[in-house]
Amino acid sequence: KAGVTQTPRYLIKTRGQQVTLSCSPISGHRSVSWYQQTPGQGLQFLFEYFSETQRNKGNFPGRFSGRQFSNSRSEMNVSTLELGDSALYLCASSGSGTGNTEAFFGQGTRLTVV
Amino acid sequence: AQRVTQPEKLLSVFKGAPVELKCNYSYSGSPELFWYVQYSRQRLQLLLRHISRESIKGFTADLNKGETSFHLKKPFAQEEDSAMYYCALISSGSARQLTFGSGTQLTVLP
């Protein structure tokens, strides 16, 4: 089956702009999580959506937001971009049920803020 | 707060030598522990998790609750094991929030 797909793969934005990243989970997966990966901070959890509801949120400012659609596809939005938002943004999907804890990751969107 | 610590940023071993990647965690409940691996130019993927207690690609990891450790071991390293390894945990419950360690870059020398 198709893996997690993230679009676009690369983005260059200027400070102050906003950006929207997209994630299509594995078919049948209802949980979608987002992570920020930087050389300095490593992999940090942003938020998780399950059945269109945000189930959990990491320690990021309100400029970072997300949503999930009825087909489980998810988007994350970053407003008023700062240079420090430059990172690789990873999306992961998981199945439902207590045993389905494996996260399947996409290849990421590389965001560069200039 | 939950935390995962991987003390070694870089680790080099020779082919055929044993390898151990260290991972310690702090969490007050009963976490589920994982090792994820990222090979060059590939996406992050699950290597193994403690509840399945299986060996994947010759790697094993035992959860030691007394020492709060989940070290990854392989008796004979291969060059294709060179990759970035992340230890991670999920807290108990339904949420899928992974807390990652900072990662260990393993290089297996010929």
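Naming: A, B, ... by sequence-line order, numbering from 1 per chain.
In this structure, Val19(B) is a member of the same hydrophobic cluster as Ile56(B), with clusters built from ILVMFWY side-chain heavy atoms closer than 4.5 Å. Using a 4.5 Å cut-off between side-chain heavy atoms of Ile, Leu, Val, Met, Phe, Trp and Tyr, with links allowed through other members, Phe76(B) and Leu11(B) fall into different hydrophobic clusters. No path of Ile, Leu, Val, Met, Phe, Trp and Tyr side chains, each step under 4.5 Å between heavy atoms, connects Leu46(A) with Leu89(B), placing them in separate hydrophobic clusters. Both Tyr49(A) and Val78(A) sit in one connected hydrophobic cluster of ILVMFWY residues. Membership requires side-chain heavy atoms under 4.5 Å apart, directly or through other members. Side-chain heavy atoms closer than 4.5 Å link hydrophobic residues (I, L, V, M, F, W, Y) into clusters, and following such links, possibly through other members, connects Leu111(A) to Leu21(A).
Between chain B and the residues Ser31(A), Ala92(A), Ala103(A), the largest count of heavy-atom pairs under 4.5 Å involves Ala103(A).
Separation of atoms CD (Gln38(B)) and CG (Leu90(A)) is listed at 7.0 Å; rounding is to 0.5 Å. Taken from CG in Leu98(B) to OG1 in Thr101(A), the straight-line distance is 8.5 Å, to the nearest 0.5 Å. For the atom pair Phe100(B) CZ and Gln44(A) CD, the distance stands at 11.5 Å (nearest 0.5 Å). For the atom pair OH of Tyr86(B) and CD of Gln37(A), the computed distance is 4.5 Å after rounding to the nearest 0.5 Å.
Residue-environment remark: CG (Leu109(B)) exceeds the threshold of 12 foreign heavy atoms within 6.0 Å. Sparse packing is recorded around CG of Asn59(A), with 12 or fewer heavy atoms of other residues, nucleotides or ligands lying under 6.0 Å away.
Side-chain contact between Thr99(B) and Phe45(A) is absent, with no heavy-atom pair separated by less than 4.5 Å. Side-chain atoms of Gln107(A) and Arg43(B), non-hydrogen and from C-beta on, do get closer than 4.5 Å to each other.
Only the side chain of Tyr35(A) has a heavy atom closer than 4.5 Å to any heavy atom of chain B.
Residues Leu44(B) and Phe105(A) come closest through the heavy atom pair O-CB, 3.5 Å.
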